[in-house]
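Take a look at the structure set out below.
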2 protein chains.
Amino acid sequence: MRLLLVEDDPLISRDVAAVLSKNGYLVDTESNGEEAWFKGDVEEYAVAILDLGLPGMDGLSVLKRWRENNRNFPVLILTARGNWSERVEGIDAGADDYLAKPFQMEELLARLRAIVRRASGQASPVITAGNMRLDTRTKSLTVNGSPVELSPMEYRCLHFLALNRDKVVSQMELTEQLYAQDFERDSNSVEVLIARMRRKLGKGVITTKRGFGYTLSDGDNS
Amino acid sequence: MRLLLVEDDPLISRDVAAVLSKNGYLVDTESNGEEAWFKGDVEEYAVAILDLGLPGMDGLSVLKRWRENNRNFPVLILTARGNWSERVEGIDAGADDYLAKPFQMEELLARLRAIVRRASGQASPVITAGNMRLDTRTKSLTVNGSPVELSPMEYRCLHFLALNRDKVVSQMELTEQLYAQDFERDSNSVEVLIARMRRKLGKGVITTKRGFGYTLSDGDNS
DNA sequence: TGATCATTGTCAGTTATTTGTAAGGTTCGT
DNA sequence: ACGAACCTTACAAATAACTGACAATGATCA
């Protein structure tokens, strides 16, 4: 895991870098503000540790400029002991955490774990099948890149099919999923639903297995 | 924004709750570990403040049980000064930040802002969408560069939407965050709120996904 | 204290979309 | 060729969302 360590005191820098390396991080060190900013802007880091007292450009400005450019990797800042207004500023500038110097290495490691875990927990809940892509966050669907509007019922239906892709889903299963279980059995609402979706999705996406049910096919072997 | 405050000292609890309310949070307070756990497990909070020294179930256990049950709202823990091993434990148990008692209210507010926006995947305290820009520190909004006044309710609503940028937020979610959970269901106050904000923000900023909810979008999509 | 103003929830009326139903057509397997 | 399974279309009821007006509330200020 790549980590950028920005710290102007060479003694601290060397010690911290050593411990971090021993704990599995791939550490780049910088001591100058300008160069630190450049590095963070260009390289892909998983996390950065940033000392606020720096020659050149000060740490706060570095952080702000990163955030302005949408560099969203988590940043832990190092502050002087007791200077709590500096911490507030740092956090409001977009820092994810701070640590007052001097600090215990054990604590630094714990907080790195925490902010990395946080940042990586942003998995995008997207289901893909064939050339369609269902985003559960935005409740939106794109087919071949172009957006397709779905009504709530259609969305729920397609979502269920997408979760069971390549499996045959019977009308009864769909009925139980979409409606209360005591729904009238002699209704053709599911068929209508499928038809409406097909009109939007195009042919060949939902196939019928006569007598068994429907399948959302993954590969589009027409 | 709903917040759960877990603190057994009634004096501290009352003071902190007062300041938080004044800053736009919808605060529920709990003093007992068991009940705090239950509340956090059942309700939808945007963030929680958790004192580690509690009667009943201790704070660390409360936190662990939340995380085991996939309750992933950000948690800020309050620890005794100087007890850094407790902090490390807390963070590894799933806390997002800590604060040592006694603390400055200003700092508590800053860190709350930080963990809330971090949990939502935002790196910066300034959230932009389309041509609007929301500064969560000053609670101010500009559209196309010119400032726009928001009422408290409108700000809270827009803030919540901004935290969930590009995600569809249902009316129910909004209701739960803006009002207490026992709010009347058959009211259209959220719709009215949205309409009032749209009048100020212009069209295309808040889009409706009929049947699902609202989205604060980047504005350029039809 | 009383007037004024902003805020916010409620309501009624309107518009637009969604969805179940029914009726008739088509396809498939045997 | 027959029936069952499935498709398609149109329609009407139900539902969701928008809007403007109004009233209650509480803050502000002379």
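- Within 4.0 Å (heavy atoms only), A:Gln171 reaches sugar-phosphate atoms of the nucleic acid but no base atom.
- At whole-Å resolution of the value, OH in A:Tyr179 and C1' in C:dT18 are 11 Å apart.
- Counting non-hydrogen atoms under 4.0 angstrom, B:Arg196 reaches a base of the nucleic acid.
- A close approach under 4.0 Å does not occur between any side-chain nitrogen or oxygen of B:Thr208 and OP1 or OP2 of D:dA16.
- Within a 6.0 Å radius of CZ in B:Arg133, other residues, nucleotides and ligands contribute 12 heavy atoms or fewer.
- Ion pairing between B:Lys39 and B:Glu35 fails under the 4.0 Å rule for side-chain N and carboxylate O.
- OP1 and OP2 of C:dG20 both lie 4.0 Å or more from every side-chain N or O belonging to A:Ser187.
- With hydrogens and angles left out, the side chain of B:Arg199 and the base of D:dG20 share no donor-acceptor pair within 3.5 Å.
- Going from atom CZ of A:Phe212 over to atom P of C:dC28 covers 16 Å, rounded to whole Å.
- The separation between B:Met153 atom CE and D:dG26 atom P is 15 Å, rounded to whole Å.
- Residues B:Gly213 and A:Ile194 both approach DNA chain D. Their nearest nucleotides, taken by heavy-atom distance, put A:Ile194 toward the 5′ side.
- Taking atom CD of B:Glu154 as the reference point, atom P of C:dG9 lies 10 Å away to the nearest angstrom.
- Within the 4.0 angstrom heavy-atom criterion, only backbone atoms of the sugar-phosphate kind lie near A:Tyr214; the bases stay farther away.
- Atom-to-atom, CG of A:Leu174 to C1' of D:dA5 comes out at 16 Å; the value is rounded to the nearest Å.
- Put simply, CD1 on A:Ile206 is 14 Å from P on D:dC6, counting in whole angstrom units.
- Between B:Arg210 and B:Leu193, the one whose closest nucleotide on DNA chain C sits nearer the 5' end is B:Leu193.
- Following rounding to the nearest Å, B:Glu191 (CD) and C:dA16 (C1') show an atom-to-atom distance of 13 Å.
- What separates CZ of B:Arg156 from C1' of C:dG9 is a distance of 14 Å, to the nearest Å.
- Minimum atom distance to the side chain of A:Pro152 is reached by C:dT19, of the listed C:dT19, D:dC7, C:dT7.
- By the 4.0 Å N-to-carboxylate-O rule, B:Asp92 lies too far from B:Lys64 to be salt-bridged with it.
- The main-chain N or O of A:Arg71 is found under 3.5 Å from a side-chain atom of A:Arg67 such that the two form a donor-acceptor pair.
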So B:Val6 and B:Asp51, side chain to side chain contact (heavy atoms under 4.5 Å, CB included) or not? Walk me through it.
CA-CA 6 Å; B:Val6 188; B:Asp51 190 353; 5.7 Å; no
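- Distances were taken from every side-chain heavy atom of B:Ser151 (C-beta onward) to each of D:dT19, C:dT8, C:dT19; the shortest belongs to C:dT8.
- When each of D:dC6, C:dG9, C:dC11 is scored by its nearest atom to the side-chain atoms of B:Ser189, the top-ranked nucleotide is C:dG9.
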